A.B. asks: 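One structure is given below, represented as structure tokens, and several questions about it will come after.
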Amino acid sequence: MKNQTYRMTMLFDFYGELLTDRQKEFFDLYYNEDLSLAEIAENAGISRQGVRDVIVRAEAAMQEVEDKTGIIKRFEAQRPHLEAAADAAAEIKTINYRRYEDPRLTELADLIIGEITALKE
């Protein structure tokens, strides 16, 4: 994956609901809100090391699930194929507009694009 923050954000997006409320809160504050360990510790009334331990345990728990399931890996692998299908559907619409003006082709291309968009979410 691209970098540590991106990887952790992906793990959180896919597996964040498996964490405890405290793990979710600290993880979100650290990675998504860009607070330092010291800032989180001060707000939570615990040590910086305590915050780090919670975040490290959350990272490990989510990485363990990813290692076992490979869901993110498969998600990343299918993205280029979805993009290629979306591009092909858009090209069909363009060719149809320029040459055929068949409303059924436009309808089908729009359906394909809609389904691809749903798969990406």
Side-chain angles (χ1 to χ4, degrees):
M1 289 192 201
K2 295 174 183 153
N3 63 42
Q4 177 73 5
T5 301
Y6 175 77
R7 188 170 72 82
M8 289 299 139
T9 301
M10 289 295 287
L11 286 171
F12 190 68
D13 286 347
F14 278 82
Y15 306 117
E17 290 304 313
L18 301 174
L19 303 176
T20 67
D21 289 340
R22 188 173 184 94
Q23 286 174 327
K24 281 191 269 193
E25 177 186 4
F26 289 2
F27 192 93
D28 183 55
L29 290 171
Y30 185 70
Y31 282 106
N32 296 331
E33 300 299 326
D34 204 27
L35 267 62
S36 69
L37 296 174
E39 291 169 319
I40 299 168
E42 183 179 326
N43 292 337
I46 63 173
S47 70
R48 181 189 169 286
Q49 184 63 43
V51 171
R52 183 183 176 286
D53 290 346
V54 170
I55 293 171
V56 167
R57 281 195 301 276
E59 291 170 354
M62 292 186 295
Q63 187 61 55
E64 180 181 0
V65 175
E66 173 57 20
D67 290 345
K68 289 179 181 178
T69 64
I71 293 171
I72 296 173
K73 183 178 177 183
R74 286 194 304 271
F75 173 79
E76 291 291 338
Q78 80 177 16
R79 287 175 83 176
H81 301 290
L82 292 172
E83 291 298 326
D87 291 346
E91 187 173 346
I92 289 169
K93 283 181 69 170
T94 300
I95 291 169
N96 183 46
Y97 174 76
R98 290 180 181 163
R99 294 187 187 163
Y100 306 111
E101 296 182 12
D102 183 338
R104 181 67 178 144
L105 280 177
T106 300
E107 180 184 327
L108 290 171
D110 287 340
L111 176 64
I112 291 167
I113 291 168
E115 293 298 319
I116 290 168
T117 301
L119 286 171
K120 288 180 180 179
E121 293 177 357

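Quick caveat, the model's predicted, so the values are computed rather than measured. Side chains are part of it too, since the values below use all heavy atoms of this structure and drop only hydrogens, waters and symmetry mates.
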A.B. asks: Provide the closest heavy-atom pair for R52 versus L37 in the form atom of the first, atom of the second, distance.
C.D. replies: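 Heavy atoms of R52 and L37 come nearest at CB-CD1, 4.0 Å.
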
A.B. asks: Calculate, to the nearest 0.5 Å, the distance between atoms OG and CZ belonging to S36 and R48 respectively.
C.D. replies: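 Output value for this atom pair is 8.0 Å.
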
A.B. asks: Of L29, V54, I46, which meets side-chain contact (heavy atoms from CB on, under 4.5 Å) against I40?
C.D. replies: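 Only one option passes, and that is L29.
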
A.B. asks: Could you grab the distance from atom CG of N32 to atom OG1 of T9, nearest 0.5 Å is fine?
C.D. replies: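 So the gap between those two atoms works out to 5.0 Å.
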
A.B. asks: Quick one: list whatever passes side chain to side chain donor-acceptor pair (under 3.5 Å) with Q63, sequence neighbours left out.
C.D. replies: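 Testing Q63 for side chain to side chain donor-acceptor pair (under 3.5 Å), a comparison that skips the adjacent residues, returns R7, D67.
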
A.B. asks: With the side chain counted from C-beta on, respond yes when E66 and M10 share a heavy-atom pair under 4.5 Å apart, and no when they do not.
C.D. replies: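 Heavy-atom side-chain distance check fails, nothing below 4.5 Å.
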
A.B. asks: Hey, quick one: are M62 and Y6 part of the same hydrophobic cluster, counting side-chain heavy atoms closer than 4.5 Å, chains of contacts allowed?
C.D. replies: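 As far as the 4.5 Å side-chain criterion goes, Y6 and M62 are connected within one cluster.
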
A.B. asks: Which residue pairs satisfy the salt bridge (Lys or Arg N to Asp or Glu O under 4.0 Å) criterion with at least one member in residues 82-97, sequence neighbours excluded?
C.D. replies: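 Checked against salt bridge (Lys or Arg N to Asp or Glu O under 4.0 Å) - neighbours excluded - the pairs reaching residues 82-97 are E83-K120, K93-D110.
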
A.B. asks: Considering residues at least two apart in sequence or located in another chain, which fulfil the side chain to side chain donor-acceptor pair (under 3.5 Å) criterion with T94?
C.D. replies: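 Checked T94 against side chain to side chain donor-acceptor pair (under 3.5 Å); zero matches.
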
A.B. asks: R74 side chain to T69 main-chain N or O, any donor-acceptor pair under 3.5 Å?
C.D. replies: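 Yes: the side chain of R74 pairs with the backbone of T69.
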
A.B. asks: Do I95 and Y97 share a hydrophobic cluster (ILVMFWY, side-chain heavy atoms under 4.5 Å, transitive)?
C.D. replies: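 Cluster IDs for I95 and Y97 differ.
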
A.B. asks: Do I55 and E59 make a side-chain contact, defined as non-hydrogen atoms from C-beta onward lying under 4.5 Å apart?
C.D. replies: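 Counting from C-beta outward, I55 and E59 do come under 4.5 Å.
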
A.B. asks: What ring-ring contact (aromatic ring centres under 6.0 Å, His included) pairs are there with at least one residue in residues 28-47, not counting sequence neighbours?
C.D. replies: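 Qualifying pairs: F27-Y31.
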
A.B. asks: Taking only residues two or more places apart in sequence or in another chain, which ones pass side chain to side chain contact (heavy atoms under 4.5 Å, CB included) with E17?
C.D. replies: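 Listed in chain order: K24.
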
A.B. asks: Please find the pair of heavy atoms, one from A109 and one from A89, that lie closest to each other, and give the distance.
C.D. replies: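 What the structure gives for the nearest pair is CB-O, 3.6 Å.
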
A.B. asks: Could you give the distance from CG (L11) to CE (M8), rounded to the nearest 0.5 Å?
C.D. replies: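 Separation between the atoms: 5.5 Å.
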
A.B. asks: Between A86 and I113, which heavy-atom pair has the shortest distance, and what is it?
C.D. replies: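 Heavy-atom minimum between the residues: O-CG1, 4.4 Å.
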
A.B. asks: If a pair satisfies ring-ring contact (aromatic ring centres under 6.0 Å, His included) and one of its residues is in residues 101-121, list it, with sequence neighbours excluded.
C.D. replies: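 The answer is none; no pair qualifies.
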
A.B. asks: With sequence neighbours left out, write down each residue that passes salt bridge (charged side-chain N to carboxylate O under 4.0 Å, His left out) with E64, or none if nothing qualifies.
C.D. replies: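 By the salt bridge (charged side-chain N to carboxylate O under 4.0 Å, His left out) rule, E64 matches K68.
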
A.B. asks: Is any NZ, NE, NH1 or NH2 atom of the basic residue among R22 and E25 found under 4.0 Å from an Asp or Glu carboxylate oxygen of the other?
C.D. replies: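 E25 and R22: not salt-bridged.
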
A.B. asks: Tell me the ring-ring contact (aromatic ring centres under 6.0 Å, His included) pairs involving residues 47-82, sequence neighbours left out?
C.D. replies: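 ring-ring contact (aromatic ring centres under 6.0 Å, His included) check on residues 47-82 returns F14-F75.
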
A.B. asks: Do you know the tightest heavy-atom contact between G50 and S47?
C.D. replies: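 Taking every non-hydrogen atom into account, N-OG, 2.9 Å.
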
A.B. asks: What residues form a side chain to side chain donor-acceptor pair (under 3.5 Å) with D13, not counting sequence neighbours?
C.D. replies: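 Expected list: none.
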
A.B. asks: With sequence neighbours excluded, tell me which residues meet side chain to side chain contact (heavy atoms under 4.5 Å, CB included) with D53.
C.D. replies: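 Partners of D53 under the side chain to side chain contact (heavy atoms under 4.5 Å, CB included) test: Q49, R57.
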
A.B. asks: So how far is it from F12 CZ to L19 CG, rounded to the nearest 0.5 Å?
C.D. replies: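 Interatomic distance, F12 CZ to L19 CG, rounded to 0.5 Å: 6.5 Å.
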
A.B. asks: Can you give each donor-acceptor pair under 3.5 Å made by side-chain atoms of residues 99-108, sequence neighbours left out, with the distance rounded to 0.1 Å?
C.D. replies:
{"unit_1": "D102", "atom_1": "OD1", "unit_2": "R104", "atom_2": "N", "d": "2.8"}
{"unit_1": "R104", "atom_1": "NH1", "unit_2": "E107", "atom_2": "OE2", "d": "2.7"}
{"unit_1": "T106", "atom_1": "OG1", "unit_2": "N96", "atom_2": "ND2", "d": "2.8"}

A.B. asks: Could you note down all residue pairs passing ring-ring contact (aromatic ring centres under 6.0 Å, His included) where residues 102-121 supplies at least one of them, sequence neighbours left out?
C.D. replies: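 As it turns out, there is no ring-ring contact (aromatic ring centres under 6.0 Å, His included) pair with a partner in residues 102-121 once direct neighbours are skipped.
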
A.B. asks: What's the spacing between F26 CZ and T20 OG1 if we round to 0.5 Å?
C.D. replies: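 If we round to the nearest 0.5 Å, F26:CZ and T20:OG1 are 9.0 Å apart.
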
A.B. asks: Would you indicate whether E42, at its atom CD, is surrounded by more than 12 heavy atoms from other residues, nucleotides or ligands within a distance under 6.0 Å?
C.D. replies: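 No - once you tally the heavy atoms of other residues, nucleotides and ligands closer than 6.0 Å, there are 12 at most.
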
